[in-house]
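Some notes on the structure that comes next.
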Amino acid sequence: MRFADALSIVAVAAACSVLTGATGLILGRLARHRSIRWQLALVAVIPVAGVYLGATAVARLMFISAHDLLVMSVVTSVAAIIAVATALVVAAAIARWSEEVRVQVRRFEDTTAESESGGPPGTAELRSLSEELDRTRERLRQATDRERRLEDARRELVSWVSHDLRTPLAGIRAMVEALEDGMATEPGRYHRQIRAEVDRMAGMVDDLFELARIQAGVLTIAPEPILLADLISEAMTAIAPVAQTREVRLEGAVEDGLEVSVDPAGIARVLDNLLANAVRHTHPGGVVEVRGRLGESHVEIAVSDGCGGLPVDDLARVFDVAWQATPARTPEGQARGGGLGLAIVQGIVEAHDGRIAVENQPHDVGCRFLVELPV
Ligand SMILES: Nc1ncnc2c1ncn2[C@@H]1O[C@H](COP(=O)(O)OP(=O)(O)OP(=O)(O)O)[C@@H](O)[C@H]1O
Ligand SMILES: [Mg+2]
């Protein structure tokens with residue numbers, strides 16, 4: 001073939017391909033809102049049409065005989081039919097996979113529904129979209145759970161405020177009225193009782209205030225280096241009289257010279273709360289143990305008690321605001337706290353960039369609160 005002829009054929013083929021390609025793009029744009037079947041059918045037909053048009057044009061220029069053109073037309077027609085059929089099969093599969101993703105998206109809001117068993121749909125892109133949806137749905141579920149728990153806690157807090165603060169107030173009012181009317185047979189006892197109630201309520205209001213500061217994110221800590229042993233022994237000394245009354249043995253062990261950089265008042269409050277809880281819930285004759293040691297990248301303080309262990313559901317809730325175990329599980333004769341202690345403890349520990357967790361000790365001895373503070 002002469003070079004000039006070859007050039008002519010290339011030019012004609014290119015012109016035909018550009019023409020069919022442009023037509024395909026225009027048709028594709030017009031059909032862009034239609035099913036993917038149309039797009040794929042176009043993708044299948046356009047190259048075959050380009051070949052057919054090119055071959056016809058080249059035949060007109062006498063490079064191909066009429067017989068060869070006929071053979072080529074038959075071949076391209078069959079190819080076009082097969083290509084369109086294949087495209088429709090692929091399009092049907094893609095449409096089915098898209099439908100599965102659509103169903104998945106529709107179920108998205110229902111965070112309670114279980115994830116579908118069986119693999120995610122078809123192509124790599126749809127599969128990764130589907131996996132991303134699953135992950136987002138899981139995050140949404142966790143956020144909804146957290147939201148629900150916060151809502152429960154808020155509701156409990158409101159009923160707590162109305163019960164735990166209004167009830168003692170009503171008692172105080174009754175006692176004051178009895179004193180005013182001269183009806184109190186033992187005024188001294190009434191005064192002591194009023195004083196005790198007022199102190200308890202003042203403590204609760206302090207806790208509420210502290211909690212509000214934690215939740216508002218305005219709790220400030222002033223870290224300073226201090227020996228952990230000093231903090232722990234002060235907290236143990238403070239709780240010792242209560243432990244003695246309850247016949248609970250206190251034990252402590254801290255690594256020598258272990259220094260921490262913490263807000264002393266904040267961590268003292270953490271230890272006081274953890275020890276008060278531990279002593280309150282330990283059965284008489286049991287042991288409360290505090291251990292302090294240097295871990296790999298943090299200081300660990302562990303408070304173990306002899307409460308007999310907590311149900312797994314309760315372990316997950318102890319740090320919730322105003323949550324308390326049901327009265328049936330509250331040790332008898334114990335003054336009801338406010339249920340704010342551990343929420344405050346958690347807030348103070350987290351303000352130190354630390355972590356707090358609780359677990360049951362082996363053999364249902366009791367539970368163990370583990371505080372980790374950065375070194
Ligand atoms: N060491 C523990 N052993 C067993 N149960 C515990 C222990 N610490 C806390 N709990 C459970 O978790 C609940 C919440 O504890 P939290 O310290 O937040 O509140 P509280 O002690 O009831 O009241 P407050 O600390 O405000 O006076 C407790 O009521 C108790 O049911
Ligand atoms: Mg407490």
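What you see is a predicted model; the values in this text were computed from it and never measured. Whatever order the structure lists them in is the order used to number ligands and atoms, beginning at 1.
Atoms of ligand 1 found under 4.0 Å from any heavy atom of C307, numbered from 1 in the order shown, are 3 (N), 4 (C). Using a 4.0 Å cut-off to heavy atoms of G339, the atoms of ligand 1 that qualify are 18 (O), 19 (O), 20 (P), 22 (O), 23 (O), 24 (P), 26 (O). Residue A278 has at least one heavy-atom neighbour below 4.0 Å for each of these atoms of ligand 1: 1 (N). Remark: ligand 1 atoms within the under-4.0 Å shell around heavy atoms of L342 are 8 (N), 9 (C), 15 (O), 16 (P), 17 (O), 18 (O).
Distance check for N277 against the Mg ion (ligand 2): an N/O/S atom falls below 2.8 Å.
By the 3.5 Å distance cut-off applied to N or O atoms, A343 is not counted among the residues near ligand 1. Close N/O approach between N273 and ligand 1 is not found [any backbone or side-chain N/O within under 3.5 Å]. Among the atoms of L340, some N or O lies under 3.5 angstrom from an N or O of ligand 1.
Both the backbone and the side chain of Q324 come within 4.0 Å of ligand 1, counting heavy atoms alone. For W323, heavy-atom contacts with ligand 1 shorter than 4.0 Å involve the backbone as well as the side chain. Only the side chain of C367 comes within 4.0 Å of ligand 1, counting heavy atoms alone; its backbone N, CA, C and O stay farther away. At a heavy-atom distance under 4.0 Å, only side-chain atoms of R280, from C-beta outward, approach ligand 1.
With contacts defined as side-chain heavy-atom distances shorter than 4.5 Å, the pair I348/E210 qualifies. Two residues are said to be in side-chain contact when any heavy atoms from C-beta on lie closer than 4.5 Å; V12 and R60 fail this criterion. Side-chain contact between D320 and L342: absent, with no pair of heavy atoms (C-beta onward) separated by less than 4.5 Å.
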- Task: Give the intermediate values and the outcome of salt bridge (charged side-chain N to carboxylate O under 4.0 Å, His left out) for residues E99 and R96.
- Result: CA-CA 5 Å; E99 176 61 20; R96 199 179 61 246; over 6 Å; no

- Task: With salt bridge (charged side-chain N to carboxylate O under 4.0 Å, His left out) as the test, would you mind laying out the steps for E138 and R141 before giving the verdict?
- Result: CA-CA 5 Å; E138 179 55 26; R141 197 183 58 73; 2.7 Å; yes

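Between the side chains of Q361 and D305, not a single donor N or O lies within less than 3.5 Å of an accepting N or O.
What you find for R293 and E255 is that their closest heavy atoms are CB-OE2, 3.2 Å. Between V358 and C367, the shortest heavy-atom contact is CG2-CB, 4.2 Å. Heavy-atom minimum distance, S297 versus V375: O-CG2, 3.2 Å.
Ionic pairing of R148 and D145 is present here: one or more N-O contacts between side-chain nitrogen and carboxylate oxygen are shorter than 4.0 angstrom.
Using a non-hydrogen distance threshold of 4.0 Å, F319 does not register as a contact of ligand 1. Between V318 and ligand 1 there is a heavy-atom distance shorter than 4.0 Å.
Remark: among candidates V303, N277, N360, the nearest residue to atom 8 (N) of ligand 1 is N277, based on non-hydrogen atoms.
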